[in-house]
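Input: a single structure, listed below in structure tokens.
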Amino acid sequence: MREPAFWHRPRSWQSRLLSPISLLYGAVAARRMTRTGINAGVPVICVGNYHVGGAGKTPMVLALTSLLRELGEHPVVLSRGYGGRLRGPVLVDPAAHDAGDVGDEPLMMAARVPVVVSRDRAEGVGLVKVQGASVILMDDGFQNPSIAKDLALIMLDGVRGLGNGRVFPGGPLRAPLPPQLSRTDALVVIGEGNASEAVALRVAAAGKPVFRARLQPDPQVVAALMGRPILAFAGIGDPQRFFRTLRASGLDIKAEQAFADHHPFTADDIGALVRAAKRDGLSLVTTEKDLARLGVSGAEQREDQRDLAITAFPVTLEFSDLPALRGLITQRLSTARMSQPPAFRAPG
């Protein structure tokens, strides 16, 4: 979906009109969050956000994958597989699945870490453990109560913050903020800007850590694109963040095209982008997540891609205090294992 502009205005008639529905939605969501989830039998780290749309969850999951491996762990990602047709549980195979099967984010991550897709997350736990997981990394699902979480890390964009701070559909929040704050174990603020500072202060006042991070582009890709005029396109939660990252890297963005989050690219979409790029002598650049969806629409679309290469722009998360994050994770893993039966205490 494409976020409505009024979500990012302090006051609007649309939000006021939708407030009764928002109150009902928020009440149901808040009540749902109080349910007790199943014990997965291994530690569960959830990477989530307070609102709908993107906030850097996928880069965070991949960063945690690297960190956990450094600690001797074997992480496996559990995802709902948003946008995919398979209900699961299924282990994502990049050679056999496409984004239409399992969703773009699971397909992209599966090249680097085992990923299990399951529409019912609790049903996916068994298959995750079959993969020898010593830690389950939940991609999203913070508001979902089906699985008990040992560490809930919440992502928040420093520029966008929480928009108008209202609950869906009058705003972007998935549930009222107070019950979400009470279940937050740590906040990760990505990028510059002060839109998230009020929330960060509330999290810190509750004695929870607030980490700062920024998106770090791949230097080799930046070097390869330097000096080339670019047509950038993205169908993610916040395309403007992608465009800002490109410009902050010193790249020459001549044109940009924003699509709705998880946009299912068609041959016509790609054909139009290719023609525009050829006409103006531009290079096509998109996100890794968008590139994962470009092979779904058949041979005609793939011919367009061969006719003019589309470059993915990978980014990683760089933390201002990585030792503190590592310490928090180490402590939570230890605590989680001490509370498990002896058979589950050691990494698998």
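Positions are given from 1 along the sequence. All of these numbers come straight from a predicted model, not from anything done at the bench.
- With sequence neighbours left out, the ring pair (Phe, Tyr, Trp, His ring centres under 6.0 Å) criterion links Phe259 to His263, Phe265.
- A donor-acceptor contact closer than 3.5 angstrom links the side chains of Ser12 and Ser15.
- Partners of Arg32 under the salt bridge (charged side-chain N to carboxylate O under 4.0 Å, His left out) rule, at least two apart in sequence or in another chain, do not exist in this structure.
- Other residues, nucleotides and ligands contribute over 12 non-hydrogen atoms within 6.0 Å of the NZ atom of Lys208.
- Judged by distance alone, the side chains of Thr316 and Gln216 never bring a donor and an acceptor atom under 3.5 Å apart.
- A continuous path of ILVMFWY side-chain contacts below 4.5 Å connects Leu151 to Leu322, so both sit in one hydrophobic cluster.
- With hydrogens and angles left out, the side-chain atoms of Arg166 and Ser22 include no donor and acceptor closer than 3.5 Å.
- Inspection of the His74 and Gln131 side chains reveals no N or O donor paired with an N or O acceptor under 3.5 Å.
- Salt-bridge annotation for Arg326 and Glu70: present, with a side-chain N of the basic residue lying under 4.0 Å from a carboxylate O of the acidic one.
- Applying the salt bridge (charged side-chain N to carboxylate O under 4.0 Å, His left out) criterion to Lys149, with sequence neighbours excluded, gives no partner residue.
- A salt bridge does not link Glu197 with Arg202: none of the charged nitrogens is closer than 4.0 Å to a carboxylate oxygen.
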Let's go through Ser118 and Asp120 carefully: what are the C-alpha distance in whole Å and the side-chain angles of both, what is the deciding distance for side-chain hydrogen bond (donor to acceptor under 3.5 Å, both in side chains) to 0.1 Å, and is it a yes or a no? CA-CA 5 Å; Ser118 182; Asp120 184 320; 5.5 Å; no
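- In terms of the salt bridge (charged side-chain N to carboxylate O under 4.0 Å, His left out) criterion, Arg183 has no residue partners (sequence neighbours excluded).
- For the residue pair His262/Asp104, the side-chain donor-acceptor check at 3.5 Å is satisfied.
- Looking at every heavy atom in both residues, Pro209 comes nearest to Leu328 through CG-CD2, 4.0 Å.
- Under the salt bridge (charged side-chain N to carboxylate O under 4.0 Å, His left out) criterion, Asp140 pairs with Arg174, sequence neighbours left out.
- Through direct or relayed side-chain contacts under 4.5 Å between Ile, Leu, Val, Met, Phe, Trp and Tyr, Trp13 connects to Leu17.
- Counting only N and O atoms by type, the side chains of Thr335 and Gln331 include a donor and acceptor under 3.5 Å apart.
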